[in-house]
Amino acid sequence: MSFSIVAAALLVAVLLWTWRIVKWAWIKPKMMESYLRRQGLAGTPYTPLVGDMKRNINMLMEARSKPMNLTDDITPRLLPLALKMLNTHGKTFFIWIGPVPAVMITNPEHIKQVFNKVYDFEKAATFPLVRLLASGVASYEGDKWANHRRIINPAFHLKKIKNMVPAFYHCCSEVVCQWESLVSDKESPCEVDVWPWLVNLTADVISHTSFGSSYKEGQRIFQLQGELAELIAQAFKKSYIPGLRFYPTKSNRRMKAIDREIDIILRGIISKREKAREAGEAANDDLLGILLESNSDESQRNGMSVEEVMKECKLFYFAGQETTSVLLVWTMVLLSHNQDWQAKAREEVMQALGGNNNKPEIDSLSNLKVMTMIFNEVLRLYPPVALLKRAVNKEMKLGELTLPPGVQVYIPTALVHRDRELWGDDAAEFKPERFREGLSKATKNQVSFFPFGWGPRICIGQSFALLEAKMAMTLILQRFSFELSPSYVHAPQTVMTTRPQFGAHLILHKL
Ligand code: HEM
């Protein structure tokens, strides 16, 4: 009697699980597919469980195996499947991320709606392991997001960032001085792969500006996060194997160990700060200090816990380091290829600073108009974040379309930034002059340029990144001219950000 009850219960449990899996992997995707197709939307046919993931990865691998010229379109190397679908089916279509349909939108009006309605179009779940690197305010929703954003905002106010300019100068001039020692004299130019230098420069800036005098511990965090990012990128290539991240593989165990070590370091830095604060010492003017100060102004209920502060610190590295180094590296590559713009940028720097060794101050950096135009054009052609994602959790209208819950919305920044209908026939060309009269003129007031996102969730560190990049480029242009080395291989690829696959080998000439 009791045996048959257990057997029956087991059978029910097995049937229930089977039903759930069939519903998740087949019935729901097929229902969403027919819902989207009934509205006239084109998309790839659904392949159970894997969707287009394997196909997309194969296309990426194939694109990466071919060399390219500097003037070629980079989007086949960044978003090959999306580009193919765009060319075949027009501006709106869908592809499959496993069993989830991703509706790709490129119409500026639709993009604006999605960016603006932050409570309706929520952040899409990323590859789960990425949470180890980036959670915090970038991943929260609703009131929790609003609360964290409000507490963190003061750390990125321009008046606070101004106090970080000396740290920017210190880290940037260290790199430039080391380059000077490599290029021994004016007659002997030197080939340098600037990419690893720029990666270290931006990591150094985040370490100094986040943790002030504890920057050495900050540098260790950066090293560990770099290793973690590599392991996650490798795991992503096998992400079509369900549940792989739960197996105790060597790489999974290493990722856990790194995560633990980062937590120990951060907890140590924060507890030191808390003790100093309790002892009545003045608050530090670095990002962590301002964050803790702003957090202490909150009531017990609204403030962040130590764990939450730790997540925000990890996020500063993830969100702010590599993004800025890729902005710098593509700026150096494009200015090597466009010597006329390099000369214009240098002329502006020399005029603003009046001499080779003068130290850039905040006001002179803020007034660099040509450099701002160049950065905008680099961010348009080489957006550090090539694709933004949102989730639809309840039925939503988007223009003529009705999106069912369960779909995701993908905004392919890299494709929109090169759309000829929005930017003209010269969309693929490097022409900083298109930004001469500012962003709204260049975009004709459309949401067609969003390297930092757009709307309420726009990048919190935008001014920080641009000021840091201006400091770095100013010091570089003051001391060097640069060109592409014959060994330079142009190969942008997306590994979290749009980075150079084989580095950036340039020839530096001392001025
Ligand atoms: C060139 C440099 C940078 C680029 C291109 C960039 C790009 C972006 C983009 C596209 C988003 C929006 C993501 C989305 O809507 O899904 C974003 C958000 C964010 N960025 Fe940046 N970023 C840069 C530098 C920084 C820096 C230096 C920091 C901090 C130190 C930072 C911190 C953040 C944070 C915390 C968010 C989340 C904001 C929120 O969800 O409310 N970023 N960034």
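Atoms within each ligand, like the ligands themselves, are counted from 1 in listed order.
Distances below 4.0 Å separate heavy atoms of Pro384 from the following atoms of ligand 1: 5 (C). Those atoms of ligand 1 with a heavy atom of Thr324 less than 4.0 angstrom away are 2 (C). If you number the atoms of ligand 1 from 1 as listed, the ones under 4.0 Å from a heavy atom of Val137 come out as 35 (C), 40 (O). Close approach of ligand 1 to Leu315 (heavy-atom distance below 4.0 Å) involves ligand atoms 35 (C). Below 4.0 Å from some heavy atom of Gly461 lie the following atoms of ligand 1, by number and element: 26 (C), 27 (C), 28 (C), 31 (C).
Annotation: cation-pi pair Arg479/Trp179 absent, no NZ/CZ under 6.0 Å from the ring centroid and within 45° of its normal.
For atom 13 (C) of ligand 1, the nearest non-hydrogen atom from the set Val118, Asn153, Ile458, Leu388 belongs to Leu388. When the options Ala319, Gly136, Gly320, Cys313 are ranked by their closest heavy atom to atom 27 (C) of ligand 1, first place goes to Gly320. Nearest to atom 9 (C) of ligand 1 by heavy-atom distance, out of Tyr382, Phe452, Tyr317, is Phe452.
Protein heavy atom nearest atom 22 (N) of ligand 1, with residue, atom name and distance: Cys459 SG, 3.1 Å. Atom 36 (C) of ligand 1 has as its closest protein heavy atom Ile460 N, 4.3 Å. Protein heavy atom at the shortest distance from atom 23 (C) of ligand 1 is Thr323 OG1, 3.5 Å. Distance from atom 7 (C) of ligand 1 to its nearest protein heavy atom, with residue and atom name: Pro451 O, 3.5 Å.
Residue contacts with ligand 1, taken as heavy atom pairs separated by less than 4.0 Å, do not involve Thr413 at all. At a heavy-atom distance under 4.0 Å, only side-chain atoms of Arg390, from C-beta outward, approach ligand 1. Of the heavy atoms in Ala138, both backbone and side-chain atoms come closer than 4.0 Å to ligand 1. Contact annotation for Trp145 and ligand 1: only side-chain heavy atoms (C-beta onward) come within less than 4.0 Å of the ligand.
Residue-to-ligand polar distances place Arg457 within reach of ligand 1: an N/O pair is separated by less than 3.5 Å. Geometrically, ligand 1 and Arg149 share a nitrogen or oxygen pair separated by less than 3.5 Å.
Between Phe435 and Phe449, the ring-plane angle classifies as tilted under the 30° and 60° cut-offs. The aromatic rings of Trp96 and Phe94 sit perpendicular, their planes meeting at an angle over 60°, well past the 30° parallel limit.
For Lys123, the NZ atom sits in a packed shell: over 12 heavy atoms of surrounding residues, nucleotides or ligands are nearer than 6.0 Å. For Lys91, the NZ atom counts as densely surrounded, since its 6.0 Å shell holds more than 12 non-hydrogen atoms of other residues, nucleotides or ligands.
Between Glu141 and Arg457, at least one side-chain nitrogen of the basic residue sits less than 4.0 Å from a carboxylate oxygen of the acidic one, meeting the salt-bridge criterion. Using a 4.0 Å cut-off between charged side-chain N and carboxylate O, Glu293 and Lys160 make no salt bridge. Comment: Glu308 does not engage Lys311 in a salt bridge, judged by the lack of any side-chain N to carboxylate O separation of less than 4.0 angstrom.
Residue-ligand proximity: Lys123 is placed with a non-hydrogen atom under 4.0 Å from ligand 1. Ligand 1 has at least one atom lying under 4.0 Å from a heavy atom of Phe156.
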Could you check His208 against Phe168 for ring pair (Phe, Tyr, Trp, His ring centres under 6.0 Å), going step by step and ending with a plain yes or no? CA-CA 9 Å; His208 277 85; Phe168 293 166; over 10 Å; no
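Ser207 and Tyr317 are linked by a side-chain donor-acceptor pair at a separation below 3.5 angstrom, with hydrogens and angles left out of the test. Side-chain N/O atoms of Asn153 and Arg150 include no donor and acceptor closer than 3.5 Å.
Under the ring pair (Phe, Tyr, Trp, His ring centres under 6.0 Å) rule, Phe316 has a single partner from Phe211, Phe156, Phe222, which is Phe156.
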